[in-house]
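Beneath this line is the structure, given in structure tokens, with notes to follow.
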Amino acid sequence: METYSATEVEAKWQGRWDELGTNLFSREDLASAENPYFNLMMFPYPSAEGLHVGNIYAYTGADVWGRYQRLKGHDVFQPMGFDAFGIHSENYALKVGVNPNDLIPSNISNFTRQLRRIGAMFDWNHTVDTTDPNYYRWTQWVFLKLFEAGLVEKREAPVNWCPSCKTVVANEQVIQGLCERCDAAVEQRQIEQWFLKITNYAQRLLDGIEQIDWSSRTLTAQNNWIGRSEGADIDFPIVGRDEAIRVFTTRPDTICGATYMVLAPEHPLVEALTNDEQRETVDAYVEQAKRLDLKARQYVDRPKTGTWIGAYCENPITGAQMPVWVSDYVLIEYGTGAIMAVPGHDERDFEFASTFDLPIKRVISRDGSNNAGPMTEAYVGDGVLVNSGEFDGLSVAKGKRAIVQKLETNGLATGQVRYRLHDWCISRQRYWGPPIPIVYCDDCGAIPVPEADLPVLLPRLEQFKPDDSGESPLARDTDWCSTECPECGGVGTRETDVSDTFLDSAWYFLRYPCTDSDEVALDDEMVKKWLPVNSYIGGHEHAVLHLLYARFVTMAFHDHGILEFGEPFEKFRAHGILTKDGRKISKSRGNVIIPDDLIAEWGADTVRLYLMFLGPFEQGGDYQETGIRGPASFLDRLALSVAEASDGEGDEHVLQAMHRTIDKVSSDIEQLKYNTVISALMEYLNVVREGGRTCVKQELEPIIVMLAPFAPHLAEELWERLGHNSSIFESGLWPEADPDLAKVETFEIGVQVNGKLRGSISVTAETPEDEAMALARSNERVVTHLDAGEVRKVIYVPGRILNIVVS
RNA sequence: GCCCAGAUGUUGGAAUUGGUAGACAAGCUGGCCUUAGAAGCCAGUGCCUUCUUGGCGUGAGGGUUCAAAUCCCUCUCUGGGCACCA
């Protein structure tokens with residue numbers, strides 16, 4: 001029996017969509033859309049390998065959502081672009097010896113071909129390529145706007161430095177403390193870099209979490225990443241000096257248990273407080289700490305190291321003298337770069353104190369009793385203050401308040417909130433990115449390039465490999481570097497660092513509806529109409545960086561009067577990960593699946609349907625190729641049914657099943673449970689075809705509409721074969737369930753005796769208990785078990801269960 | 001170490017959110033049809049059993065309940081993220 005040829009049908013409908021511009025918006029369409037819906041998905045980095053099946057999975061799931069919104073009557077704008085700048089592309093280009101300027105366009109065209117082949121409804125009129133000067137011109141503009149808003153700052157920051165290659169290396173290029181390329185020990189070095197002050201927005205980013213509809217795991221990740229801590233800054237006077245060491249602590253209640261102080265190696269007071277006797281040891285220690293690369297420095301399981309610097313502090317509560325140490329387990333970038341060490345109640349301090357034989361004092365006890373005997377581990381739990389003089393007996397919470405209060409009256413403490421979030425360093429000493437639009441002038445300093453002079457074009461360099469200068473390869477292009485100072489017109493030199501790829505992607509969604517404008521980055525009319533984004537779907541791996549940066553830029557633009565809204569994405573859903581035979585798909589495992597052959601063999605519709613059938617979209621699924629036959633034959637049977645269908649009235653029993661299916665599908669698709677949507681459609685088709693019956697068209701039409709998001713080509717084809725002459729996506733055809741028909745009248749419910757299933761009875765929602773009992777008693781098996789004793793209790797939940805307790 | 005997610009037949013996964021565990025598929029077994037089958041159709045398929053009966057069964061162990069995959073406690077394992085954040 002001839003059903004359909006996927007190749008022909010798919011080519012036919014893709015051709016027709018292109019020809020009619022079904023998925024395209026003209027500038028006028030964008031301006032006049034009545035029911036706008038911006039369906040965004042994370043744009044890919046166009047690798048040389050092409051899209052793998054995981055990408056297809058993600059984009060199909062997002063496209064299903066967009067097509068579903070369209071069937072519900074929205075004007076769905078669904079653009080796609082390419083995140084093509086960055087170290088990824090650059091490293092690959094270096095490896096294969098091709099200039100990224102040549103490599104990227106061919107990768108993009110390959111990606112475009114693949115994305116078109118899966119039949120997603122992308123608007124190819126509104127696409128972005130982050131490496132296009134017409135795009136990065138505006139990325140540079142974003143930088144300038146943030147600069148204007150006072151959110152850009154240049155300061156020294158540590159980078160990994162390979163002393164042999166004499167270049168900056170990324171964290172990923174440091175393998176066990178050694179340079180990936182030359183095996184030399186990597187060290188950290190301080191260089192001047194550009195930062196965006198995202199920390200100014202720490203609290204706002206946290207507060208905004210309350211108002212957005214995002215996957216909860218993504219919000220949790222952002223919450224943890226921002227890492228708000230409440231505590232106090234406390235000053236510990238330095239013995240013999242008119243100065244204090246300021247520390248941040250979340251546990252002021254444990255201050256009486258502080259037995260020593262620790263400064264980070266980079267702390268300015270280390271130099272000032274070190275006495276002559278300790279000088280040599282301390283200098284050597286600080287030097288050694290500096291030599292560690294950034295990754296090794298942060299490695300937790302390293303044994304604690306450090307040295308006494310020869311100074312003392314006074315505990316502002318107990319008055320006790322405490323030695324001041326220096327150790328790299330205290331980080332200069334968090335808090336004040338100094339801590340009071342409470343070994344009795346902090347695991348790290350305990351480890352350090354044990355190593356160096358420093359006193360360990362219990363000041364919190366679980367139950368308030370003053371347990372004797374030495375502590376064998378730090379106690380970090382809740383409890384009651386002990387050995388704390390006047391504060392004994394207070395709970396941890398009350399102790400915190402009381403101690404901070406007392407110190408506040410002496411001006412020695414202030415309540416303080418701190419965040420783990422760091423400012424965003426956007427400087428990259430690399431080639432493949434947008435040049436940071438800054439000019440240095442001996443007289444005027446660092447001056448932003450005027451908006452009118454954008455873009456600062458990235459010159460084509462044949463030698464783009466980082467060299468031993470330690471600067472971006474751009475520094476070698478002296479013609480490019482030398483320019484005029486925008487301020488005084490004198491001699492200027494360009495900034496040679498390029499910006500982080502994450503800056504490109506922190507605002508791309510704002511640009512999509514505005515790609516028709518060359519004069520401005522953001523067309524106010526379009527932004528007002530289409531933003532914020534209604535739905536964003538992407539990988540959970542971007543839970544913190546990309547998604548946080550995009551929120552930050554949006555908030556900053558809002559405050560700077562550029563945008564009316566403060567949150568970019570109303571709704572965000574993280575899709576799951578596809579595994580293969582239970583294992584992660586990765587290049588190193590060699591189990592990467594390129595979808596082209598699969599699509600050539602089965603067709604895009606079958607592949608789409610299969611991928612969506614694997615598991616809940618937000619949880620991912622396991623790819624096993626044999627499974628594709630199920631969805632394939634489902635589509636075949638559906639096509640067969642359409643071919644056989646006659647006109648006329650639908651069978652009532654089938655129509656009831658149909659409306660129940662509409663009900664279930666409509667609610668499951670909202671929750672992205674595409675797998676159960678598909679199984680519901682399969683179940684319904686099984687009812688339609690039960691016992692080899694031939695069906696009527698009326699019974700098939702709604703199922704074809706509901707299938708359309710998953711298998712758009714075949715849905716169009718069957719819709720046409722059923723006699724319709726406009727696109728199935730044109731006029732909001734999503735069906736609505738008739739509640740009367742969808743209602744289930746009689747249920748088979750289980751009958752349990754003492755909680756064990758012994759039979760079932762057929763009831764309605766209104767069947768009263770006595771009637772249900774009577775029915776149960778007519779069941780032989782039930783009766784046998786009832787005979788075992790006296791009926792003590794009957795639990796009857798109409799429509800659910802009848803449980804009879806017998807003893 | 002901390003945080004998040006998860007563990008259900010041979011496999012992917014369902015389960016009205018406390019109410020008949022295993023839907024829908026894949027695989028396998030048998031049958032029909034066929035020159036053929038990666039086509040279509042039909043039947044069977046959690047384990048044990050005295051086989052129309054009964055018992056067991058959702059990572060392990062305990063608990064709550066008339067009733068637990070679902071709630072609570074303890075633990076194990078897997079995947080992911082963060083990582084000396086005071």
Side-chain angles (χ1 to χ4, degrees), chain A residues 1 3 216-218 220-221 223-225 227 229 231 247-251 254 262 297-302 304 327-331 333-342 345-349 351-352 418-422 540-541 543-544 576-577 579 581-584 601-602 610 613-616 618-634 636-637 640 664 667 673 675-683 686 689 691-692 744 747-761 781 784 792-797 799-806:
Chain A
M1 179 54 128
T3 52
S216 61
R217 57 186 174 137
T218 311
T220 307
N223 210 345
N224 295 342
W225 185 262
S229 292
V247 305
F248 172 68
T249 178
T250 55
R251 295 295 303 274
T254 62
V262 188
R297 173 70 194 275
Q298 286 166 355
Y299 188 59
V300 189
D301 297 337
R302 239 165 7 106
K304 296 275 181 289
S327 172
D328 64 6
Y329 85 93
V330 172
L331 309 174
E333 63 268 23
Y334 185 75
T336 61
I339 62 157
M340 66 173 198
V342 185
H345 304 284
D346 181 281
E347 282 164 16
R348 298 149 302 181
D349 297 344
E351 193 192 331
F352 190 84
R418 300 220 181 243
Y419 304 88
R420 315 168 70 134
L421 183 69
H422 289 22
H540 190 250
E541 67 273 19
V544 285
I577 303 289
T579 56
D581 305 318
R583 321 195 72 201
K584 197 177 156 185
E601 188 177 355
W602 296 94
Y610 167 61
F613 186 54
L614 284 176
E618 290 186 81
Q619 278 166 47
D622 193 62
Y623 178 93
Q624 296 173 352
E625 205 159 318
T626 54
I628 200 167
R629 285 176 204 162
S633 72
F634 168 69
D636 271 332
R637 286 199 307 276
L640 201 64
K664 174 161 177 69
S667 94
K673 287 156 84 177
N675 57 329
T676 55
V677 167
I678 295 165
S679 74
L681 296 176
M682 288 173 168
E683 257 175 287
N686 290 345
R689 293 173 62 81
V744 182
F747 313 83
E748 283 285 303
I749 67 165
V751 178
Q752 298 179 333
V753 178
N754 289 343
K756 291 200 190 279
L757 185 73
R758 299 300 176 189
S760 69
I761 55 174
R781 270 181 71 200
T784 323
R792 299 278 170 194
K793 196 174 174 185
V794 175
I795 294 108
Y796 176 56
V797 185
R800 292 283 160 82
I801 199 84
L802 175 65
N803 189 9
I804 306 162
V805 184
V806 172

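Every chain is numbered from 1, with letters handed out A, B, ... down the list of sequences.
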Whole-Å distance, Tyr623(A) OH to G79(B) P, equals 22 Å
Donor-acceptor pair, distance only, cut-off 3.5 Å: does the side chain of Asp349(A) make one with the backbone of Val342(A)? yes
Q | N/O donor-acceptor pair under 3.5 Å between Ser229(A) side chain and Tyr419(A) backbone | A | no
Ranking C24(B), G13(B), G80(B) by distance to the side chain of Met682(A), first place goes to C24(B)
Whole-Å distance, Gln619(A) CD to G13(B) P, equals 9 Å
Checking N1-N3 plus N6-O4 or O6-N4 for Watson-Crick, or N1-O2 and O6-N3 for wobble, each under 3.5 Å, the partner of U74(B) is A60(B)
> Closer than 4.0 Å, any side-chain N/O of Arg637(A) to the OP1 or OP2 of A39(B)?
Replying inline: no
With the side chain defined as heavy atoms from C-beta on, Ile339(A) is closest, among C4(B), A86(B), A25(B), to A86(B)
Per atom distances to the Lys584(A) side chain, the nearest of U16(B), G80(B), A86(B) is G80(B)
>> Regarding Ser633(A), tell me which of base, sugar-phosphate or nothing describes its non-hydrogen contacts under 4.0 Å with the strands shown.
In response: sugar-phosphate
From NE2 of His540(A) across to C1' of G79(B) the rounded distance in Å is 13 Å
Phosphate-side-chain proximity, Lys304(A) and C84(B), N/O vs OP1/OP2 below 4.0 Å
no
Looking for any heavy atom pair under 4.0 Å, which part of the strands does Arg792(A) touch: base, sugar-phosphate only, or nothing?
-> nothing
Shorter than 3.5 Å, N or O on both sides, protein versus nucleotides 62-67 of chain B: list them out with atom names.
from, atom 1, to, atom 2, distance (Å)
C66(B), O2', Asn803(A), ND2, 3.1
C66(B), O2, Asn803(A), ND2, 2.6

Ranking A23(B), A86(B), C3(B) by distance to the side chain of Thr250(A), first place goes to A86(B)
Test item: Asn675(A) side-chain N/O and Leu614(A) main-chain N/O as donor-acceptor pair under 3.5 Å
no
**Prompt:** Do any side-chain nitrogens or oxygens of Arg689(A) fall under 4.0 Å of OP1 or OP2 in G40(B)?
**Reply:** no
- Over 12 foreign heavy atoms within 6.0 Å of CD, Glu541(A): yes
Checking A14(B), C3(B), A23(B) against the side chain of Ser679(A) (C-beta onward), the nearest is A23(B)
message: Using a 6.0 Å distance limit plus a 45 degree cone around the ring axis, check whether Lys304(A) lies over the aromatic ring of Tyr329(A).
response: yes
One should read off an interatomic distance between Ser760(A) OG and Phe747(A) CZ, to the nearest 0.5 angstrom, of 14.0 Å
Nearest-nucleotide check on RNA chain B, Asn224(A) vs Gly750(A); residue mapping nearer the 5' end is Asn224(A)
Rounded to whole Å, CZ of Arg217(A) lies from C1' of G6(B) at a distance of 11 Å
Is the shortest heavy-atom distance from the side chain of Glu625(A) to the side chain of Tyr610(A) under 4.5 Å? no
Separation of C82(B) atom C1' from Tyr334(A) atom OH, nearest Å, is 14 Å
Under a 3.5 Å limit on both distances, the Watson-Crick or wobble mate of C2(B) is G81(B)
*Is any side-chain nitrogen or oxygen of Ser216(A) closer than 4.0 Å to OP1 or OP2 of C4(B)?*
no
Rounded to whole Å, the CG-C1' distance (Leu614(A) to A14(B)) equals 14 Å
In Watson-Crick or G-U wobble terms, with both distances under 3.5 Å, the base opposite U53(B) is none
Q) What nucleic acid atoms does Ile749(A) come within less than 4.0 Å of, heavy atoms only: base, sugar-phosphate, or nothing? A) base
Rounded to whole Å, NZ of Lys664(A) lies from P of U17(B) at a distance of 11 Å
Checking N1-N3 plus N6-O4 or O6-N4 for Watson-Crick, or N1-O2 and O6-N3 for wobble, each under 3.5 Å, the partner of G22(B) is none
Of A83(B), C4(B), G13(B), the nucleotide closest to the side chain of Trp225(A) is A83(B)
**Request:** Walk me through it: do Gln624(A) and Asp622(A) pass the test side chain to side chain donor-acceptor pair (under 3.5 Å)?
**Result:** CA-CA 6 Å; Gln624(A) 296 173 352; Asp622(A) 193 62; 3.0 Å; yes
Please confirm whether the shortest side-chain N or O distance from Lys756(A) to OP1 or OP2 of C56(B) is below 4.0 Å.
yes
_Side-chain N or O of Asn686(A) closer than 4.0 Å to phosphate OP1/OP2 of A25(B)_ = yes
(Q) In whole Å, measure the gap between the P atoms of A38(B) and C47(B) for me. (A) 27 Å
Here the distance between atom P of A83(B) and atom CD of Glu351(A), to the nearest Å, is 19 Å
Item checked: Inter-nucleotide C1' distance (G59(B), G79(B)), Å rounded -> 15 Å
### Query
Are Leu421(A) and Trp225(A) side-chain neighbours, meaning at least one heavy-atom pair lies under 4.5 Å?
yes
Roughly how many Å apart are U10(B) and A60(B), using the P atom of each and rounding to a whole number? 14 Å
Re U45(B): Watson-Crick or G-U wobble partner, both distances kept under 3.5 Å, found to be G27(B)
Of the listed G13(B), U11(B), A86(B), the closest approach to the Asn675(A) side chain comes from G13(B)
Does Arg758(A) put a side-chain nitrogen or oxygen below 4.0 Å from OP1 or OP2 of G55(B)? yes
Going by heavy atoms in the side chains, are Tyr796(A) and Val751(A) under 4.5 Å from each other? no
Mate of U35(B) across any strand shown (Watson-Crick or G-U wobble, both atom pairs under 3.5 Å) is none
- Identify whether any heavy atom of Glu601(A) sits under 4.0 Å from a base atom; if not, whether one sits that close to sugar-phosphate; answer base, sugar-phosphate or nothing. base
